[in-house]
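Whatever order the structure lists ligands and atoms in, that order sets their numbers, starting from 1.
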Amino acid sequence: MSPKVAFITGGNGITGSAILEHLVKKTDSTEWSKIIVTSRSPFQAAVEDDRITFVPLDYTQEVQTLIDAMLPACSGVTHAFFSSYIHRDGFEALNVANHGLFKNFLDSLLEVAPNLECCLLQTGGKHYNVHLGPVPSPAREEEPRRDSPIGNFYYQQEDYLFEKQQGATWRWNVVRPEAIIGATPKPNGMNEALTIAFYFIVCKEMGIEAKMPSNKRYWDGHDDASDARLVADLSIWASTHPHAGNQAFNVTNGDYFSWRYMEPRLAAYFGASASSEQTFATPHPTEGGPCLDLSLSQWSQDKRQVWERICHRANLPEASSTWDAGTWAFQDWVFQRTWCATLSMNKAREFGWTGYMDSYKSFTDAFKQLEKQGVLPKSN
Ligand SMILES: NC(=O)c1ccc[n+]([C@@H]2O[C@H](COP(=O)([O-])OP(=O)(O)OC[C@H]3O[C@@H](n4cnc5c(N)ncnc54)[C@H](OP(=O)(O)O)[C@@H]3O)[C@@H](O)[C@H]2O)c1
């Protein structure tokens, strides 16, 4: 069998960089001979490999402009992974910003890659509207779509993928993670591990309890998360196993946890204190509406000086600016929910994928990686 050629979009992002890292660390040139990476801004590679070619692309540009930039580097592409994303803090603005991005990607790809075998689109839990209100949990891939008045850009992306694949020889996959836990080479749109790390470190510095910035219903309930390395693993697996072709798969760590017990463990990693006996302002919020005892967006506004002091003392002056990489409003989206919204992993398992990850380890591995990158001071 001839070696495969990967095309990864969103190469500076939390997913694209993890897919790249997976291919570099776990495969060789007999399996994957070339890895083409694209991102909008200059490449900030976390890994090195002779197989990597970087092509900067902005998917808001005309398709012909993209085609011109992709030729000839991309003509041998066999497997494409779409992880480009424009973050906006408002859900309506998010739909508008991402409209057209995937269409331009696919239109240009199909013009330049005649040997395409699989095109994988990454979406996420928002497919099930987990961000908008209570939905059946754990959500299963086969559930009918839940339309909302504000729409959902993932449905447009999927529909375009399905439409273009009709009658073609290549396969499609859709991969749907929950909050992705990992470290990015540059600031990105949604980064739970980084954001809560800032919170714990600053609370410790201020000598205050790191109370869970959420509500009692969410804190008491159950949740899940998706390690970026697992998202990469499932993406490569699905795209290279023809029996898993033309299928959507959820991808999470495979365990469910309660923030009531997870949050104090994560706080302890940084030497901050948090309690599983925390009291909340609203003891039992009604299911469905948003509720936050503490908004991280607001909380973060006057903590920059504390962060700078920590970085200065840790001899990490360049980390001072990373405060702006905290994805505060995204974290408020997640923690304001008064419902549990998890994803089922049964389908991928039935198809033969065996990946899993302990979620505590997932968080602490990301913290360690961020420390290694000099984004966070060493915790001990
Ligand atoms: N992060 C999470 O916690 C999470 C959770 C569930 C689902 N998801 C979903 O996963 C998918 C990928 O998101 P992500 O979090 O991996 O993204 P991300 O880390 O924010 O990275 C986004 C990537 O898209 C690139 N990009 C932005 N605008 C672009 C444009 N106009 N043209 C080309 N590339 C552009 C960025 O390029 P530059 O950085 O180079 O500018 C970056 O490489 C999205 O559908 C997202 O909703 C993410």
Side-chain angles (χ1 to χ4, degrees), residues 7-21 37-46 54-63 65-66 69-70 81-89 91 94-106 108-109 120-131 139 152-158 161 174-196 223-232 234-235 248-253 325 327 329-331 333-335 341-343 362-363 366:
F7 180 66
I8 305 166
T9 85
N12 285 332
I14 197 162
T15 312
S17 62
I19 295 175
L20 170 66
E21 212 164 315
V37 187
T38 180
S39 213
R40 182 183 42 182
S41 49
F43 191 33
Q44 308 224 344
F54 179 70
V55 181
L57 295 174
D58 181 340
Y59 283 121
T60 60
Q61 291 192 315
E62 296 286 321
V63 171
T65 309
L66 297 170
M70 288 168 80
F81 304 89
F82 181 81
S83 313
S84 307
Y85 172 73
I86 298 177
H87 185 73
R88 294 286 181 269
D89 288 339
F91 296 129
L94 189 67
N95 287 329
V96 174
N98 284 279
H99 182 76
L101 222 56
F102 180 71
K103 182 176 184 303
N104 288 352
F105 151 81
L106 194 54
S108 50
L109 177 74
L120 183 142
L121 160 68
Q122 172 159 331
T123 64
K126 290 193 288 289
H127 174 90
Y128 304 105
N129 284 348
V130 297
H131 55 310
N152 190 322
F153 72 93
Y154 286 162
Y155 299 165
Q156 294 164 349
Q157 292 182 331
E158 276 195 357
L161 180 64
V174 174
V175 168
R176 300 175 187 151
E178 286 276 52
I180 300 175
I181 310 307
T184 46
K186 71 184 273 287
N188 76 324
M190 301 182 278
N191 195 327
E192 183 158 296
L194 177 65
T195 307
I196 63 174
D223 204 357
D224 53 5
S226 302
D227 191 290
R229 294 165 296 183
L230 270 192
V231 178
L234 185 135
S235 300
F249 292 105
N250 293 336
V251 56
T252 69
N253 291 345
T327 58
F330 159 66
Q331 210 49 53
W333 285 7
V334 176
F335 285 164
T342 60
L343 307 186
S362 179
F363 277 104

Look at the side chain of N12 and the backbone N and O of R40, then say whether any donor-acceptor pair between them is shorter than 3.5 Å. no
Distance from atom 3 (O) of ligand 1 to nearest protein heavy atom, with residue and atom: I180 N, 2.8 Å
Could you tell me whether the side chains of Y154 and R176 share a donor-acceptor contact shorter than 3.5 Å? no
Proximal candidate to atom 43 (O) of ligand 1 [heavy atom criterion; set P42, S39, A18]: S39
If you measure from each heavy atom of E178 to ligand 1, is any distance below 4.0 Å? yes
Check for a donor-acceptor pair, side chain of Y59 on one end and backbone N or O of S39 on the other, with a separation under 3.5 Å. no
Near A179, which atoms of ligand 1 are under 4.0 Å from a heavy atom of that residue? 3 (O), 5 (C)
List every atom of ligand 1 that sits less than 4.0 Å from any heavy atom of S84, numbering the atoms from 1 in the order shown and giving each element. 24 (O), 34 (N)
Note the single closest protein heavy atom to atom 35 (C) of ligand 1, along with its residue, its atom name and the distance in Å. R40 CB, 3.7 Å
How far is atom 48 (C) of ligand 1 from its nearest protein heavy atom, and which residue and atom is that? M190 CE, 3.3 Å
Quick check on G16 - does any of its heavy atoms sit under 4.0 Å from an atom of ligand 1? no
Report the member of Y85, F82, F43 with the shortest heavy-atom distance to atom 22 (C) of ligand 1. Y85
Keeping the roles fixed (side chain from N104, backbone from V63), state whether a donor-acceptor pair exists under 3.5 Å. no
Atoms of ligand 1, numbered as shown, that sit under 4.0 Å from any heavy atom of G10: 23 (C), 24 (O), 42 (C), 43 (O)
Is the ring pair F102/F82 parallel, tilted or perpendicular, if the boundaries are 30 and 60 degrees? perpendicular
Which one of T15, T38, T123, N188 has a non-hydrogen atom at the shortest distance from atom 8 (N) of ligand 1? T123
So which of N191, L194, V231 actually passes side-chain contact (heavy atoms from CB on, under 4.5 Å) with I14? N191
At the 4.0 Å heavy-atom cut-off, does L101 count as touching ligand 1? yes
Atom 12 (C) of ligand 1 - nearest protein heavy atom and its distance: S83 O, 3.7 Å
Any idea which atoms of ligand 1 are less than 4.0 Å away from a heavy-atom of G11? 43 (O)
With side chain to side chain contact (heavy atoms under 4.5 Å, CB included) as the test, would you mind laying out the steps for H99 and L101 before giving the verdict? CA-CA 6 Å; H99 182 76; L101 222 56; over 6 Å; no
Considering heavy atoms of the protein only, find what lies nearest to atom 45 (O) of ligand 1 and give residue, atom and distance to 0.1 Å. Y154 OH, 3.2 Å
Can you tell me which residue and heavy atom of the protein come closest to atom 33 (C) of ligand 1, and the distance to 0.1 Å? L57 O, 3.3 Å
How far is atom 31 (N) of ligand 1 from the closest protein heavy atom, and which atom is that? D58 OD1, 2.9 Å
Near S41, which atoms of ligand 1 are under 4.0 Å from a heavy atom of that residue? 38 (P), 39 (O), 40 (O), 41 (O)
So, Q331 versus T195: side-chain donor-acceptor pair below 3.5 Å or not? no
Assess the side chains of H87 and D89: does a donor N or O sit below 3.5 Å from an acceptor N or O? yes
So the atoms of ligand 1 within less than 4.0 Å of a heavy atom of T60 turn out to be 31 (N)
Nearest protein heavy atom to atom 21 (O) of ligand 1, by residue and atom, and its distance? G13 CA, 3.3 Å
Atom 39 (O) of ligand 1: of K126, H87, K186, E192, the nearest heavy atom sits on K186
Proximal ligand 1 atoms for G124, defined as those under 4.0 Å from one of its heavy atoms: 7 (C)
Do the side chains of L57 and T9 get nearer than 4.5 Å, heavy atoms only? no
Heavy atom of G125, distance to ligand 1 below 4.0 Å: no
Decide yes or no for I196 and F363: does some side-chain heavy atom of the first lie under 4.5 Å from some side-chain heavy atom of the second? yes
Parallel, tilted or perpendicular: which describes the rings of W333 and F91, with under 30° parallel and over 60° perpendicular? tilted
Near N12, which atoms of ligand 1 are under 4.0 Å from a heavy atom of that residue? 39 (O), 40 (O), 43 (O)
